[in-house]
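Values reported hereafter were calculated over all heavy atoms of this structure, with side chains retained and with hydrogens, waters and symmetry mates removed.
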Protein chains: 2
Amino acid sequence: MSACDTDPGPSQELVADVFARGCTSRATLEDIGSKWAQLALLALGEGGYRFNALRRRVEGVSEKMLSQTLQTLERDGLVTRDVVSAIPPRVEYALTPLGEQVAGRLRELADLLERSVPQVTAARAAYDSRG
Amino acid sequence: MSACDTDPGPSQELVADVFARGCTSRATLEDIGSKWAQLALLALGEGGYRFNALRRRVEGVSEKMLSQTLQTLERDGLVTRDVVSAIPPRVEYALTPLGEQVAGRLRELADLLERSVPQVTAARAAYDSRG
DNA sequence: CCGCATCCAAAGGGATACTG
DNA sequence: CAGTATCCCTTTGGATGCGG
């Protein structure tokens, strides 16, 4: 089954499917799911950030990973990169409309997990004590 | 700032924060975000699955990775593992109530991305043609 | 200030073979 | 059927140093 953008046929209803191996939606989901991408999107959901400010907001991210992550997100059309040629140089990152939608969904997920910490902690303790 | 479950103080309002380095909610978000965990949760959102059926549903996953992923999700209290001792043996996987909630959020995200494939594809083409 | 390049250690993840 | 164990290659990701 699983129709996707990679499907060859001259189909009339071409629906993407995250379960399909080569589907762009699956690849995008993977891009978004990465540790640093999630946090970068959540941070940018709060408003625009300059590179180093974003780096401080996302605790523990290295320059390299933040840079790579932002490039991927920019390429997917989720993040804009605005270069202000000045001294010192400034680069402002923000979400596109699509990025806003994605960040909104992630926010809901993050809120749910933040509220569920006690439950998760208990589940882990139970699992670990059983072996 | 960033209060979390690892905070020491005798605080009255202990709120988890996914941005905090050692926060359980951040770790859980990472568990959920992994390529295979996302797809496994989405699949289980459709109903219970046995191991090999789930493996077929999640195209491309290896036995090893599916097994590992399910263990992590079980430990976090998102998935239940029901062993039916019979010949041949059967193991049924399903979502917990918390898992259902998480899977629901993921479904919304996946739907959004599936609908946005043309937009993402266009963004990538534009990005790549610029260098 | 922004971020690319290089190096290197550590984790991720696939293929295969084997057990209950 | 449902895994575990092993091997081994690939990717991730941090640290450091340099350039615009």
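- Rounded to an integer number of Å, the gap from CZ of B/Arg55 to P of C/dG14 is 10 Å.
- A straight line from CG of B/Asp82 to P of D/dG3 spans 11 Å, rounded to a whole angstrom.
- Within residues 36-53 of chain B, the residues approaching DNA chain C are B/Trp36, by heavy-atom distance under 4.0 Å.
- Atom P of nucleotide D/dA5 and atom CE of B/Met65 are separated by 15 Å, given to the nearest angstrom.
- To the nearest angstrom, C1' of C/dG14 lies 17 Å from CD of B/Glu59.
- The residues A/Glu63 and A/Arg56 are annotated as not salt-bridged, no charged nitrogen and carboxylate oxygen being separated by less than 4.0 angstrom.
- Counting to the nearest Å, the P atom of C/dC1 and the OH atom of A/Tyr93 are 14 Å from each other.
- Nearer to the 5' terminus of DNA chain C, by closest-nucleotide assignment, is the contact made by A/Leu70 (compared with the other of B/Gly60 and A/Leu70).
- Remark: A/Arg81 is not in phosphate contact with C/dC2, judged by side-chain N or O atoms under 4.0 Å from OP1 or OP2.
- Using a cutoff of 4.0 Å between basic side-chain nitrogens and carboxylate oxygens, B/Arg50 and B/Glu92 are not scored as salt-bridged.
- Using a cut-off of 4.0 Å between Lys/Arg side-chain N and Asp/Glu carboxylate O, A/Arg57 and A/Glu46 are scored as salt-bridged.
- Residue A/Gln71 is classed as a sugar-phosphate contact, given heavy-atom separations below 4.0 Å to backbone atoms only.
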*Test A/Thr69 against A/Leu39 for side-chain contact (heavy atoms from CB on, under 4.5 Å), laying out the working first.*
CA-CA 10 Å; A/Thr69 299; A/Leu39 294 179; over 6 Å; no

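- The side chain to side chain contact (heavy atoms under 4.5 Å, CB included) check on A/Arg75 picks up B/Arg124, B/Tyr127, B/Asp128, with sequence neighbours excluded.
- For A/Ser67 and C/dC2, the shortest distance from a side-chain N or O to OP1 or OP2 is not below 4.0 Å.
- Qualifying salt bridge (charged side-chain N to carboxylate O under 4.0 Å, His left out) partners for A/Glu114, counting only residues two or more places apart in sequence or in other chains: A/Arg107.
- Each of B/Gln68 and A/Arg90 lies near DNA chain C, and the nucleotide nearest A/Arg90 is the one positioned closer to the 5' end.
- Rounded to an integer number of Å, the gap from CD of B/Glu63 to P of C/dT16 is 12 Å.
- Looking only at distances, a side-chain donor or acceptor of B/Thr72 sits under 3.5 Å from a matching main-chain atom of B/Gln68.
- Nucleotide D/dG3 holds its P atom 8 Å from the CG atom of B/Leu66, rounded to whole Å.
- Look at NZ on B/Lys35: it is 9 Å from C1' on C/dG13, rounded to the nearest Å.
- Proximity note for A/Lys64 (side chain, C-beta onward) versus C/dG14, D/dA2, D/dA15: the nearest is D/dA15.
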